[in-house]
2 protein chains.
Amino acid sequence: MSAAAHGLAAPPGGERTASKSQLAYEWLHEQIVAGALEPGARLVLSQVADKLDVSVVPVREAVRRLEAEGLVTFERNIGATVAGIDPTEYLYTMQTLSLVEGAATALSAPSITAEDIAAAREVNERMRVFLEPDPLHFDPVEFTALNREFHSVLFERCPNPHILDLVHRGWNRLKALRGSTFSYVPERATESIAEHEALLALIESGAPTAEIELAARRHRSATLDAYLAHTGENPGFPTL
Amino acid sequence: MSAAAHGLAAPPGGERTASKSQLAYEWLHEQIVAGALEPGARLVLSQVADKLDVSVVPVREAVRRLEAEGLVTFERNIGATVAGIDPTEYLYTMQTLSLVEGAATALSAPSITAEDIAAAREVNERMRVFLEPDPLHFDPVEFTALNREFHSVLFERCPNPHILDLVHRGWNRLKALRGSTFSYVPERATESIAEHEALLALIESGAPTAEIELAARRHRSATLDAYLAHTGENPGFPTL
DNA sequence: TATACGATGATCGTATACGATCCAGCCCGG
DNA sequence: CCGGGCTGGATCGTATACGATCATCGTATA
């Protein structure tokens, strides 16, 4: 899993000798997105600095960058905490991702090659395997990873770097939040794989951009709806 | 022009005594968005620090935050420069804004009151005045400010804070870029005011969310299209 | 004259030190 | 027994100092 391919902000001017602030940023980012740092966990600057064997200044800078991405909150004289305690954050993040990912997929569509389609289809088949035996062997983490890999093929060619960046941030945020609020709905997995196939067919057929955007958006919205129905909370969440 | 109302990130825990990093951030933000600092202008940390009578550390932090918002670029051992030299940045920013603003407007619609509509309509009438005398008296800056005020009414009630934040960032970025690449098309102004009225009517009528989103998006896309037609550049820019 | 190379200054990157602020627990009075 | 004020520790915020890196310009040489 290459960092750049998943939206980890790299220092623009190459990486001669990674600056310590960049090191701290990447380490914290990894810890948070991988779930090693639970949502709500306290981040003490001096402790992080000691652990990475750097001073607090670069750590402070890294935390600020993570704050801008919504992965941590940072308050004056209070400190930094890993974001994501509030369950509605999950809803907002999903909704935002549904918006930007739909657009990114639509904008990518004209550039998607037959090889891309084949690769995506192969990933989708690997996801299907997870459904076979019985629900107990279902691995949400692995399944989600494959899901991201599938969708990456569909949106990675988005020509608008801003939109693409928003998609990456959304996925990362989602991974960070998952630890606390994620509640996977197994029934949804089956539907999801079928929708993936439909999405591929739609792109192959050269459907209009607007249609692809809507399909991709709905695909994610449906997951959100399933989550809402499953938990039974936030019944009045406004839909897009 | 209140800062908070236009998406200036405020320190979450109130503002007892604004931290110096916050001071530097707000000052630079103001300078860039107001156009006092031209796109491409060099920002030397020590000079900014001297000007604001603070040390370089808070300035450095402020610059990093601005970088995360896309208002400046910051390269190792090179320094910070105000973003916006590349003309395609304008296109990307407009496209992204069209996406998120459309969604924000649609999500706001159910919460928009009759008073909101009236206020927006009043602003739109003030914009109309600019068209009256003759094109030479047209003031793009003032017109744009009113335009933002109008749209603020329509998207400010968006319940999703992430999407709302993206809208604010988009507008700020647009203001920052305007200095270098903005080319206002007077004919478009007349159309724009008419579309504003149509948007208000649509919202008043309680139209479906999807319809409002599309109308709001198209409204901005049309401005982008007019710009592209006017300049004659980037003919193959992918549309959303 | 053009090019390669080295010295120099400017600027960024980080470490360290110290002051400012907040939270928690204790003490004391009611 | 309970509540308010105070003190101590922890943590953040900023200033200053110094090392690292890069762009620039002058000079020597082919």
Side-chain angles (χ1 to χ4, degrees), chain A residues 8-29 31-32 37-38 40-69 71-83 85, chain B residues 8-29 31-32 37-38 40-69 71-83 85:
Chain A
L8 221 178
E15 330 189 359
R16 311 169 241 291
T17 53
S19 72
K20 304 201 174 179
S21 113
Q22 183 67 16
L23 169 75
Y25 170 78
E26 289 179 3
W27 186 82
L28 284 170
H29 190 283
Q31 294 289 308
I32 294 172
L37 287 170
E38 292 279 314
R42 181 93 187 274
L43 286 181
V44 177
L45 297 190
S46 57
Q47 291 176 4
V48 175
D50 286 347
K51 188 165 193 71
L52 297 181
D53 209 46
V54 300
S55 129
V56 295
V57 179
V59 175
R60 183 184 171 80
E61 188 175 311
V63 168
R64 283 296 200 190
R65 287 175 65 185
L66 292 166
E67 182 190 25
E69 295 180 33
L71 292 181
V72 309
T73 62
F74 195 36
E75 292 183 49
R76 179 187 174 89
N77 294 327
I78 301 294
T81 57
V82 179
I85 307 182
Chain B
L8 220 178
E15 334 190 357
R16 312 168 235 292
T17 53
S19 71
K20 305 202 174 178
S21 118
Q22 184 67 15
L23 169 73
Y25 170 79
E26 290 179 3
W27 187 81
L28 285 171
H29 190 283
Q31 294 288 308
I32 294 171
L37 288 171
E38 291 281 312
R42 181 95 185 274
L43 287 180
V44 177
L45 298 190
S46 57
Q47 291 176 5
V48 175
D50 286 347
K51 188 165 192 73
L52 297 181
D53 210 45
V54 300
S55 129
V56 295
V57 179
V59 175
R60 182 184 171 82
E61 187 175 310
V63 167
R64 283 296 199 190
R65 287 175 64 185
L66 293 166
E67 182 190 25
E69 296 179 32
L71 293 181
V72 308
T73 62
F74 196 36
E75 292 181 49
R76 180 186 174 88
N77 294 325
I78 301 294
T81 57
V82 179
I85 307 182

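No hydrogens, no waters, no symmetry mates; every other heavy atom, side chains included, goes into these values.
- Taking each heavy atom of B/Ala18 and A/Arg76 in turn, the nearest pair found is C-NH1, 4.4 Å.
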Kindly determine whether A/Val82 and A/Glu38 satisfy side chain to side chain contact (heavy atoms under 4.5 Å, CB included), including the steps that lead there.
CA-CA 7 Å; A/Val82 179; A/Glu38 292 279 314; over 6 Å; no
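- Results of the side-chain hydrogen bond (donor to acceptor under 3.5 Å, both in side chains) test with A/Tyr25 over A/Glu69, A/Arg64, A/Arg65 single out A/Glu69 as the only residue that passes.
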Applying the Watson-Crick and G-U criteria (both distances under 3.5 angstrom) with [ ] for crossing and | for other-strand pairs, one obtains for DNA chain D ||||||||||||||||||||||||||||||
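- Applying the side chain to side chain donor-acceptor pair (under 3.5 Å) test to every pair with at least one member in residues 42-60 of chain A, sequence neighbours left out, gives these pairs: A/Arg60-B/Glu61.
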Using nucleotides 10-14 of chain D, report all nitrogen or oxygen pairs with the protein that are shorter than 3.5 Å.
| unit_1 | atom_1 | unit_2 | atom_2 | d |
| --- | --- | --- | --- | --- |
| D/dC12 | OP1 | A/Leu45 | N | 3.4 |
| D/dC12 | O3' | A/Asn77 | N | 3.1 |
| D/dG13 | OP2 | A/Arg60 | NH1 | 2.2 |
| D/dG13 | OP2 | A/Arg60 | NH2 | 3.2 |
| D/dT14 | OP1 | B/Lys20 | N | 2.4 |
| D/dT14 | OP1 | B/Ser21 | N | 3.4 |

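- A/Leu28 CG to A/Leu71 CG: the interatomic distance, rounded to the nearest 0.5 Å, is 10.0 Å.
- For the atom pair CD (B/Glu67) and OG1 (B/Thr81), the distance works out to 9.5 Å, reported to the nearest 0.5 Å.
- Taken from CD in B/Gln31 to CG in B/Leu43, the straight-line distance is 10.0 Å, to the nearest 0.5 Å.
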